[in-house]
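Reviewing the structure listed below.
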Amino acid sequence: MAWNFNNREAMFLQIADHMRLEILNGVYAPDQQIPSVRQLAFTASVNPNTMQRALAQLEEEGLLYARGTVGRFVSSDPDVISAAKERMRQKTVRRWIREATALGISVDEMISYIQKEENEQ
């Protein structure tokens with residue numbers, strides 16, 4: 001997944017969302033070691049301190065854990081993974097509702113649009 005950033009949200013939060021999505025989509029398997037802060041920062045073209053802050057956020061959520069000086073690993077706790085998926089779902093749906101409301105689209109209309117798009121794929 002490409003590293004695309006916007007100016008509406010703090011970069012470390014966007015990085016945390018990106019990494020969270022990769023974890024939830026299985027790019028990184030449970031108990032798999034993720035690349036180092038420096039490697040990830042280089043790949044994302046960001047300051048290592050920004051990457052560190054994003055990874056610390058994921059550690060606070062329980063999605064990542066540290067093994068001393070060995071590095072960070074993905075959680076294998078199904079409850080943690082399930083809770084993270086639910087938070088991402090809620091965030092996405094709330095954003096859709098906020099954007100649809102700003103465009104004058106009702107929730108019922110939005111559901112219709114989503115169903116129409118799904119049927120066209």
Side-chain angles (χ1 to χ4, degrees):
M1 183 180 289
W3 294 84
N4 298 313
F5 302 110
N6 63 58
N7 295 326
R8 295 182 303 271
E9 187 177 33
M11 190 172 291
F12 85 93
L13 293 174
Q14 293 176 66
I15 292 168
D17 282 347
H18 179 94
M19 292 296 296
R20 187 180 301 106
L21 210 51
E22 287 191 335
I23 291 166
L24 297 178
N25 286 328
V27 173
Y28 299 108
D31 290 320
Q32 179 182 351
Q33 185 175 10
I34 64 167
S36 71
V37 170
R38 290 202 182 281
Q39 289 171 314
L40 288 168
F42 177 78
T43 302
S45 300
V46 299
N47 184 298
N49 293 331
T50 303
M51 183 60 69
Q52 173 63 32
R53 191 167 178 199
L55 297 179
Q57 173 77 29
L58 297 176
E59 273 190 68
E60 286 178 27
E61 295 173 18
L63 277 176
L64 295 177
Y65 64 93
R67 282 193 193 157
T69 59
V70 176
R72 285 189 174 94
F73 295 79
V74 176
S75 173
S76 61
D77 185 335
D79 293 334
V80 169
I81 303 297
S82 179
K85 283 182 180 179
E86 179 62 17
R87 282 191 306 275
M88 288 293 288
R89 184 199 61 78
Q90 286 177 344
K91 183 178 178 178
T92 300
V93 170
R94 287 177 181 152
R95 187 186 74 242
W96 288 349
I97 291 171
R98 192 174 49 253
E99 291 174 2
T101 301
L103 292 170
I105 300 170
S106 71
V107 172
D108 289 335
E109 288 173 309
M110 188 172 74
I111 291 169
S112 270
Y113 291 139
I114 291 169
Q115 289 171 336
K116 180 182 172 189
E117 287 297 320
E118 182 181 42
N119 291 334
E120 290 178 5
Q121 291 186 11

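Side chains are part of it too, since the values below use all heavy atoms of this structure and drop only hydrogens, waters and symmetry mates.
In terms of heavy-atom proximity, G62 sits nearest to V80 at O-CG1, 3.4 Å. Taking each heavy atom of A54 and A16 in turn, the nearest pair found is CB-N, 3.8 Å. When all heavy atoms of Q33 and G71 are compared, the closest pair comes out as NE2-CA, 3.8 Å.
Around atom CZ of F42, no more than 12 heavy atoms belonging to other residues, nucleotides or ligands sit under 6.0 Å away. Surrounding CD of Q90 are more than 12 heavy atoms belonging to other residues, nucleotides or ligands, all under 6.0 Å away.
From D77, atom CG reaches atom CG of D31 across 10.5 Å, with rounding to the nearest 0.5 Å. Between the CE atom in M11 and the CD atom in Q14 there is a gap of 6.5 Å [rounded to 0.5 Å]. Rounding to the nearest 0.5 Å places CG of L103 at 11.0 Å from CE of M110. Note that CG of L24 is 6.5 Å distant from CE of M88, once rounded to the nearest 0.5 Å. A distance of 4.5 Å separates CD1 of I15 from CZ of F5, quoted to the nearest 0.5 Å. Rounding to the nearest 0.5 Å gives a distance of 13.0 Å between CD of Q57 and CE of M19.
Residues meeting the salt bridge (charged side-chain N to carboxylate O under 4.0 Å, His left out) test with R95, sequence neighbours left out: E99. For E60, the salt bridge (charged side-chain N to carboxylate O under 4.0 Å, His left out) test picks out no residue, with sequence neighbours left out. Residues passing the salt bridge (charged side-chain N to carboxylate O under 4.0 Å, His left out) test with K91 are E9, D17, sequence neighbours excluded. Among residues two or more places apart in sequence or in another chain, the ring pair (Phe, Tyr, Trp, His ring centres under 6.0 Å) test is passed with F73 by Y65.
Distance alone, capped at 3.5 Å, places no donor-acceptor pair between the E61 side chain and the A84 backbone. With N25 contributing its side chain and V27 its backbone, the two residues share no donor-acceptor pair below 3.5 Å.
L63 and L21 fall within a single hydrophobic cluster, where Ile, Leu, Val, Met, Phe, Trp and Tyr side chains are chained together by heavy-atom contacts under 4.5 Å. Transitive grouping of hydrophobic side chains (ILVMFWY, heavy atoms separated by less than 4.5 Å) keeps W3 and L13 in distinct clusters. Note on I111 and I105: separate hydrophobic clusters, where clusters join Ile, Leu, Val, Met, Phe, Trp and Tyr whose side-chain heavy atoms are under 4.5 Å apart, directly or indirectly. I23 and V37 end up in the same hydrophobic cluster when Ile, Leu, Val, Met, Phe, Trp and Tyr side chains are linked at under 4.5 Å. In terms of hydrophobic clustering, with Ile, Leu, Val, Met, Phe, Trp and Tyr side chains grouped at heavy-atom distances under 4.5 Å, L40 and L58 are assigned to a common cluster.
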**Request:** Go through the steps to decide whether R53 and N49 satisfy the test side-chain contact (heavy atoms from CB on, under 4.5 Å), and finish with yes or no.
**Result:** CA-CA 6 Å; R53 191 167 178 199; N49 293 331; over 6 Å; no
**Request:** Start with the C-alpha gap between Q121 and E117, add the side-chain angles, then the distance that decides, and say whether side chain to side chain donor-acceptor pair (under 3.5 Å) holds.
**Result:** CA-CA 7 Å; Q121 291 186 11; E117 287 297 320; 5.1 Å; no
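Every pair tested for ring-ring contact (aromatic ring centres under 6.0 Å, His included) that includes a residue from residues 44-63 fails, sequence neighbours excluded, so the list is empty. Pairs of residues two or more places apart, or lying in two chains, that qualify as side-chain hydrogen bond (donor to acceptor under 3.5 Å, both in side chains) and include a residue from residues 35-44 are S36-Q39.
Using a 4.5 Å heavy-atom threshold, the side chains of L64 and V74 count as touching.
A side-chain donor from one of E22 and H18 sits under 3.5 Å from a side-chain acceptor of the other.
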